[in-house]
Amino acid sequence: MTLTIRRVLGVTAVSDGHPRVLGQARLLDTPVRSIHVTESADLSGLLEGGELILSSGLSLTASPEATRDFLDGLAAAGAAGVIFSFLSDAPEVKKCLEFAAETAEIPVVLLDDRVRFVDITETVHRLIYSAARGLSGLDAVSNFLSSASASHLEPRELFCSIADMLDAPLVLEDSLSTVVIHQGLDPEQMRRFIQVPAVSKGFGSGVRVVGDETWLVYPVIGHGRKLGQIVSTLGAGNPRASLRMEKVGAAFGGLLPNGSADLALTRQESLSTMVKKVRSGEIRSEKEIVLHAAMLGVASVDLFVPIAINFRQRGSATSVPAGPDLAAITAKLQDTLRGSRYPAFACDSGANGVGIVLCLPAAADVEAALSVVHGSIGPVLGADGNDRSWTMGVGTASPELGRTALKGLDEACRVAHSASTMDHSGAPYHRASDLGFRWLMQRLLDVEESHTYVHDQLAPFLDEPEYMDFIETYLQTNGSIAELSRALHLSRPSVYARLRRIEKVLGRELTDADTMTSLHLAVTLYRLGVRG
């Protein structure tokens, strides 16, 4: 079955870059016949049609007209769509791209994080392997599973590729009949699947009645053990197809080297993908979100608690830029959380960190659950390196998963970001109520006057990190010379010398209440990322 742009956005090599569809989402099901990397829109005679274009945006400028011409050129050359991964932050150029994408004739996708184009191209080539050989259905799947291409895919990508080739609804379950991943089911099929009595889901059963449909159950066997089962409408009334599907289950199981652990991690990834679809707008209604969650076993949850982990370099004023490290950290967290006392899974937070959704029953103690999560992820995050510090922020809990995935995680990210500037805080996690004026200042981060204010207050010292640290520590110690001297390991004469220089440059005394307040606000804005 032909690969589509929508399917490409779901593969790890692309999804790790947090893709955003800027325009023409209705064209995401356009077939992808090949892939091409270019920085030029003049591709006349170079494309055969149906190519997915990868670009770093090097030829784009802050000109809406030029950007529109670039996209029109790609469409005229026959491109199926374009994915941009910028090499550096270019806010004005990205704004022009968003504006031009609204009227473009091809879908335009922007990756928030940088990715390796070679990983995307290799993955796409592997996924169209069977289609390129003219195969379809079960024949395509059989050839695909026996190829070297399949061994390079993660279990989730592998399963979705199989579902795409078969063009049929598929459900993968573990040995407890808990859904690990599902693909191709419409809302009504999901509703009926959830309503199937537990007694008819017994492991090893060959037939399952879902509404008025007969679904067959095929064991997933790996290393001589039954790991789970694939449930599908395929094979009903067709012995040959049923036999081929049994072989598919056995072949799929052979590609799970860690057995049930791989399935458990895949379920975590499915939950994470569900949240990503909610945040991207692909899943909009709470009813549909509930269906997807219930399919994955998240049904008896009374409260969802959004959590965000913010990272920054020790001694650095800013958060660590998002990158490949975050994907590795997320994977480690998924492995840790899958065996947690309280159900939880890591997900994309849309910021410089990682999100976690904690799923609690009504009787659970929220504070105790948060302490357990903090204690379990601590060793994992601590192992990431001694040069990296992290802060845990908690957003407002909600009985609605959709609200948690959108507003809850965003709030948790802002809390974690603000709390990361509170070096003197020893709390394991923070809420908005713990942040004082820092929480209010979040709303000032994108205000132009804030940049002017930081410049006016701190300009003489912005290029001198030691003086920035000195001013911040002076404010934290309430001007105590003794505490300041101990905290910075400076002699008292050195402390007095620096104070005299700061007062001379500012033209006012540091002991003045208004001066301390003004500096405190400016330093806090600076630590939160505002630059003068």
Side-chain angles (χ1 to χ4, degrees), residues 7 10-16 116 118-120 122-127 129-130 138 140-166 170-183 203-204 217-232 244-273 296-297 324-340 343-347 376-377 379-380 383-384:
R7 177 70 187 89
V11 302
T12 302
V14 179
S15 64
D16 281 350
R116 298 178 70 240
V118 64
D119 291 339
I120 297 178
E122 288 181 355
T123 301
V124 169
H125 285 312
R126 287 198 298 265
L127 292 177
Y129 168 81
S130 295
L138 286 166
V141 172
S142 296
N143 281 270
F144 175 68
L145 288 173
S146 62
S147 71
S149 302
S151 62
H152 293 287
L153 297 179
E154 297 294 329
R156 179 179 173 80
E157 292 180 359
L158 184 64
F159 185 85
C160 290
S161 300
I162 293 173
D164 285 346
M165 292 177 192
L166 295 176
L170 287 184
V171 178
L172 175 63
E173 298 177 336
D174 62 16
S175 59
L176 299 176
S177 296
T178 300
V179 175
V180 173
I181 180 175
H182 60 91
Q183 179 87 348
F203 189 58
V217 180
Y218 303 99
V220 173
I221 302 174
H223 310 290
R225 296 187 301 111
K226 290 183 179 179
L227 304 175
Q229 49 203 18
I230 293 176
V231 189
S232 176
R244 298 290 291 276
M245 281 298 296
E246 288 183 2
K247 293 182 178 179
V248 169
F252 185 83
L255 296 174
L256 302 173
N258 300 309
S260 58
D262 283 337
L263 291 181
L265 282 176
T266 300
R267 178 174 174 270
Q268 295 282 99
E269 292 166 3
S270 295
L271 290 166
S272 176
T273 299
L296 296 169
D325 285 345
L326 291 182
I329 293 170
T330 301
K332 291 179 182 178
L333 289 178
Q334 295 287 36
D335 191 33
T336 300
L337 294 172
R338 68 184 174 89
S340 176
F345 58 92
C347 59
S376 63
I377 67 177
V380 177
D384 186 52

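Position 1 is the first residue of the sequence; numbering continues from there. Just so you know, these numbers use all the heavy atoms, side chains as well, and skip hydrogens, waters and symmetry mates.
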Chemist: Side chains of V220 and E173: does their closest heavy-atom pair fall under 4.5 Å?
Modeler: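 In short, these two side chains do not touch, never coming nearer than 4.5 Å.
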Chemist: So, taking the atom named CD in Q334 and the one named OG1 in T336, what distance separates them when rounded to the nearest 0.5 Å?
Modeler: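 Result: 9.5 Å between the selected atoms.
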Chemist: Which of these, T330, L296, L271, sits in a side chain to side chain contact (heavy atoms under 4.5 Å, CB included) with F345?
Modeler: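 Exactly one candidate clears the test, L271.
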Chemist: Does a side-chain heavy-atom distance below 4.5 Å link L172 with F252?
Modeler: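 Yes, their side chains come closer than 4.5 Å.
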Chemist: Work out which heavy atom in M245 is nearest to a heavy atom in S232; give both atom names and the distance.
Modeler: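 So the minimum-distance heavy-atom pair works out to CE-CB, 4.5 Å.
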Chemist: Closest approach of L333 and A346, non-hydrogen atoms and distance?
Modeler: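 Result for this residue pair: CB-CB, 4.1 Å.
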Chemist: List the atom of L337, the atom of S376, and the distance in Å for their closest heavy-atom pair.
Modeler: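 What the structure gives for the nearest pair is CD2-OG, 4.5 Å.
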Chemist: Give every donor-acceptor pair under 3.5 Å between a side-chain atom in residues 259-266 and any protein atom, sequence neighbours left out.
Modeler:
unit_1 : atom_1 : unit_2 : atom_2 : d
D262   : OD1    : N258   : ND2    : 3.3
D262   : OD2    : N258   : N      : 2.8
T266   : OG1    : D262   : O      : 2.7

Chemist: Taking the side chain as every heavy atom from C-beta outward, state whether R156 and S270 have any atom pair closer than 4.5 Å.
Modeler: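 Yes, their side chains come closer than 4.5 Å.
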Chemist: What pair of heavy atoms forms the shortest contact from C160 to Q183, and how long is it?
Modeler: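 Taking every non-hydrogen atom into account, SG-OE1, 3.7 Å.
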Chemist: Are E157 and R7 packed together at the side-chain level, in the sense that at least one heavy-atom pair is separated by less than 4.5 angstrom?
Modeler: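 Yes - at least one pair of side-chain heavy atoms lies under 4.5 Å apart.
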Chemist: Drop me the distance from H223's NE2 to L256's CG, to the nearest 0.5 angstrom.
Modeler: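 Going from NE2 on H223 over to CG on L256, the span is 7.5 Å.
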Chemist: Quick one: pull up CG in L176 and CG in D174 and give me the separation to the nearest 0.5 Å.
Modeler: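 So the gap between those two atoms works out to 5.0 Å.
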Chemist: How close do S272 and C347 get, counting heavy atoms only, and between which atoms?
Modeler: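 Heavy-atom minimum between the residues: OG-CA, 3.4 Å.
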Chemist: Looking at every heavy atom in both Q229 and S177, which two are closest together, and how far apart are they?
Modeler: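 Nearest pair, atom of Q229 first, then S177: NE2-OG, 3.5 Å.
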